[in-house]
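Remember, predicted model here, so these are calculated numbers, not experimental data. Numbered from 1 within each chain, the chains take letters A, B, ... in sequence-line order.
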Amino acid sequence: MKNINSIEEYDNLRSWPFIEAKKIIDSFGGFEEFKKPKKDFVIFETGYGPSGLPHIGTFGEVIRTSMIKNAFDFLVQCPSKIIIFSDDMDGLRKVPDNVPNKSMLEKHLGKSLTSIPDPFEKFKSFGEHNNSMLKKFLDDFGFSYEFLSSTDLYKSGFFNDMIKTILKNQSNILSIVLPTLREERKKTYSPFLPVCPNTGKVLQVKIEEYNLKNNTVIYKDPNNTKLQEISVLDGNCKLQWKVDWAMRWMALEVDYEMCGKDLTDSVDLGKKICNSLGKSFPINLIYEMFLDENGEKISKSRGNGIGIEEWLRYSSPESLSLFMFQKPKSAKKLHFDVIPKNVDDYKKFLEQYNKNNSLSKCDNPVWHIHSGNPPKIKDYSFNFNTLLNLVSICNSTDSDVIWDFIKEYDKNINQKNDPYINELVKYAINYYKDISLPKKKYKLIDENSMEIFYDLKNTLINLNKSSKSEEIQSQLYEIGKRNKFENLRDFFKLIYQVLLGQDEGPRLGSFISFYGIGKTISLIDRAIKNEDLSK
RNA sequence: GGGCGUAUAGCUCAGCUGGUAGAGCAAGUGACUUUUAAUCACUGGGUCGCAGGUUCGAAUCCUGCUACGCUCACCA
């Protein structure tokens, strides 16, 4: 089945995943004369360093790559897959902050991650632990991918042929890499990092001799300065990472890989290496970094910006996907304030998608977010900011109470039939619990106003339990009047400050009606006793 | 020093392949005469960073410049 019927339709697709997919297609003859690559499928790669756990950047890279793959699959008939490559053979450079058994790890610094015990004591090695965390992370989001371990491919000999080629051309490669290095590093630089047979450490040492006949290199053992000869094959040597990257492209025949702009120069270098060996290299997209609200780069160690688990606590995965979809080449501020806009934009795009029937639907962000199959959600007429506001104002973590207010506002939706909106309510409640609640300042009742609250309490007790919000409301006005408030506004403000810990609030009649007269009375009781209502 | 990105209303930003400047928030005015706002209606003349160029026509394409920011030049 063909999704695209003419070159015009093809040319009209403008969104960036299509633009990127077209670059791949062009490299294989273009849309009309497309020919599958010799290996019979197209490979997208994303790589992960050893430094630790998956984070929001990881998510961004995988979802963006998936969007391109999806666009590619839509345009041409050609199998494709995403490879997640773990650099688990890299040496551990420093002990991460967020792990147990730090002193144990300390002893293994410099060794490959896959030959260091798991500090969590669940897997055979630290590397395997990290790999499994990565896989779980990706699985939780439902990404499809093929996982590859650097260690496995080195040790199994999969890389051997390409490593031999690198060895043959090592002087050529040196001439490409050396000019990019500082004087100090130039002296010892080699594409080959021997794995010390005695200590297991990945050694960054000067290579004294390259032996092409035996596929070995000779170096001085840093411990005893004796010359040591070691094979470059079967995982006895690792390649220095930039060369490693290029080697991997060639060995796996990677067609597409994106990366953050901090790797710009490395990509360039990798391409040059491939070129010098007469090999092709992947099409590359360089995306911008994420910034915090002050415009500074987000880094896990600094803990600025917002983490993926935070986003998902306060909002939907779809809104995060939308964020990731927008403008990968622009630096984007990633902090809480951008969430509501993405939630509302998602809804807007989805509505647009479900109305419009033209091919340009495929350029709609939701098409990419949902791999070509966006769902339908019930229209709702408030925005997410409003919902956040509502929960905060209602001072309730009870979604039933929130829903009572929502239903009053929009009768067409309800808790059972609109699960998407119900999710939004949960997110809003989380936000309220974490952000708004701690900021509340409950006012204690002073002697002058104590009467008012007794009056309020007694009035509520005498009310019929089935009283409607309007009746309650008019009773409230009466209380205000008989307690001689010149401006009733101050009366309500006092109640909000004491009972809700804020200056403003919902229409009290409605609030008491939904919240429950009985519950309101017990709330007043606690306030009268000067209990801390924030707990 | 190399690379990249951004410069559009007070703020945050949209403006796709060039054709009379938009949204959200903030602000203002009015309405609901019983507070409140998750209310409703109305209100946006901003040299689209600067200077050239292409064009009948440019925020939109090209060149140069300026400012700000990010990134690399250890390791990965």
Side-chain angles (χ1 to χ4, degrees), chain A residues 11-16 18-19 47-52 87 89-94 110 113 150 179-185 188-189 193 202 204 238-242 244-245 259-269 286-291 293-298 326-333 335 337-338 340-341 344-345 348 360 363-364 380-394 402 405-406 408-410 428 470 473-481 485-496 500 502-511:
Chain A
D11 285 341
N12 275 331
L13 294 167
R14 300 279 169 194
S15 46
W16 69 264
F18 282 118
I19 303 286
Y48 292 97
S51 50
D87 274 312
M89 196 165 152
D90 288 9
L92 180 67
R93 296 186 63 245
K94 67 171 190 184
L113 289 158
S150 177
T180 68
L181 299 174
R182 288 185 182 174
E183 288 308 316
E184 188 120 343
R185 183 73 176 102
T188 58
Y189 183 85
L193 309 176
V202 182
Q204 207 179 104
K238 189 193 151 356
L239 297 187
Q240 192 278 338
W241 94 277
K242 290 176 194 177
D244 194 39
W245 204 10
C259 63
K261 79 167 175 190
D262 50 329
L263 298 183
T264 309
D265 292 344
S266 308
V267 174
D268 248 26
L269 203 68
I286 289 174
Y287 57 85
E288 262 285 357
M289 315 310 283
F290 296 114
L291 310 175
E293 60 265 52
N294 300 317
E296 288 173 43
K297 184 186 171 185
I298 284 186
Q326 308 277 21
K327 289 197 176 192
K329 285 187 174 185
S330 300
K332 298 169 69 60
K333 289 186 181 176
H335 56 107
D337 296 358
V338 306
K341 183 174 158 47
D344 295 333
D345 282 353
K348 198 175 69 190
S360 67
D363 278 331
N364 188 310
Y380 57 96
S381 47
F382 50 87
N383 61 39
F384 192 59
N385 250 330
T386 304
L387 188 58
L388 292 176
N389 214 347
L390 172 65
V391 174
S392 175
I393 265 172
C394 290
I402 309 300
F405 280 93
I406 294 174
E408 192 182 59
Y409 183 69
D410 187 336
E470 281 309 308
Q473 186 72 16
S474 57
Q475 287 298 318
L476 291 169
Y477 290 128
E478 291 307 315
I479 299 170
K481 283 178 190 166
F485 276 89
E486 277 184 29
N487 194 339
L488 277 175
R489 182 180 196 143
D490 294 332
F491 166 66
F492 285 96
K493 192 171 173 182
L494 176 67
I495 296 178
Y496 294 133
L500 305 184
Q502 58 203 17
D503 289 345
E504 294 171 347
R507 194 178 177 86
L508 268 178
S510 311
F511 177 76

Q | Pair pattern of RNA chain B in dot-bracket, where unpaired bases get dots and | marks partners in another strand, Watson-Crick or G-U under 3.5 angstrom | A | (((((((..((((.....[..)))).(((((.......))))).....(((((..]....))))))))))))....
[X] [atom1] - [N] [atom2] separation (whole Å):
X	N	atom1	atom2	value
A:Lys332	B:rU12	NZ	C1'	12 Å
A:Tyr189	B:rA73	OH	P	13 Å
A:Gln326	B:rC16	CD	P	14 Å
A:Lys333	B:rC11	NZ	P	12 Å
A:Lys341	B:rC25	NZ	P	11 Å
A:Trp16	B:rU17	CH2	C1'	19 Å
A:Phe491	B:rU35	CZ	C1'	9 Å
A:Lys94	B:rA76	NZ	P	15 Å

Using a cut-off of 4.0 Å on non-hydrogen atoms, how would the nucleic acid contact of [X] be classed: base, sugar-phosphate, or nothing?
X	result
A:Lys242	nothing
A:Asp265	base
A:Leu263	base
A:Lys327	sugar-phosphate
A:Arg14	base

From the set [options], return the single nucleotide nearest to any side-chain atom of [X].
X	options	result
A:Glu288	B:rC13, B:rC72, B:rG69	B:rG69
A:Gln240	B:rC75, B:rG3, B:rA76	B:rA76
A:Arg93	B:rA76, B:rC75, B:rU71	B:rC75

Nearest 0.5 Å please: distance from the [atom1] atom of [X] over to the [atom2] atom of [Y].
X	Y	atom1	atom2	result
A:Lys261	A:Lys329	NZ	NZ	12.5 Å
A:Ser266	A:Lys242	OG	NZ	4.5 Å
A:Phe18	A:Asp11	CZ	CG	12.5 Å
A:Leu269	A:Leu263	CG	CG	12.0 Å

Q.
Restricting to non-hydrogen atoms, name the atom on A:Leu387 and the atom on A:Ala428 that form the minimum distance, rounded to 0.1 Å.
A.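 Closest pair (atom of A:Leu387, atom of A:Ala428, distance): CG-CB, 4.0 Å.
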For nucleotides [N] and [M], find the distance between their [atom1] atoms and express it as a whole number of Å.
N	M	atom1	result
B:rC62	B:rU55	P	16 Å
B:rG46	B:rA9	P	10 Å
B:rG22	B:rG44	C1'	10 Å
B:rA27	B:rC11	P	15 Å
B:rG18	B:rG53	C1'	15 Å
B:rG28	B:rG69	C1'	35 Å
B:rU8	B:rA14	P	11 Å
B:rA58	B:rC48	P	12 Å

Q.
Taking atom types as they are modelled, would you say the side chain of A:Gln473 forms a donor-acceptor pair with the base of B:rU35 within the 3.5 Å cutoff?
A.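 Under the 3.5 Å cut-off, the side chain and the base do form a donor-acceptor pair.
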Q. Can you check whether A:Arg185 has a side-chain N or O nearer than 4.0 Å to OP1 or OP2 of B:rA73?
A.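 No, A:Arg185 has no side-chain N/O under 4.0 Å of OP1/OP2 on B:rA73.
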(Q) Does B:rU6 have OP1 or OP2 under 4.0 Å away from a side-chain N or O of A:Ser330? (A)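 Yes, because at least one side-chain N or O of A:Ser330 sits under 4.0 Å from OP1 or OP2 of B:rU6.
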Q.
Measuring only between side-chain heavy atoms, which start at C-beta, is A:Lys341 closer than 4.5 Å to A:Val338?
A.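 No, every pair of side-chain atoms sits at 4.5 Å or beyond.
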Q | Non-hydrogen side-chain atoms of A:Lys332 and A:Glu288 separated by less than 4.5 Å | A |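 No, too far: nothing below the 4.5 Å cut-off.
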Q: Anything under 30° is parallel, anything over 60° is perpendicular, the rest tilted; go ahead and classify A:Trp241 against A:Trp245.
A: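 The arrangement is parallel - the two ring planes meet at less than 30°.
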Q: Between A:Phe492 and A:Asp244, name the one whose nearest nucleotide on RNA chain B is closer to the 5' end.
A: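 Between the two, 5'-proximity favours A:Phe492.
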Q.
With nearest nucleotide decided by heavy atoms, which residue, A:Tyr496 or A:Gln204, maps closer to the 5′ end of RNA chain B?
A.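 With A:Tyr496 and A:Gln204 compared, the 5'-side residue is A:Tyr496.
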Q) So A:Leu193 and A:Asp244, side chain to side chain contact (heavy atoms under 4.5 Å, CB included) or not? Walk me through it. A) CA-CA 10 Å; A:Leu193 309 176; A:Asp244 194 39; over 6 Å; no
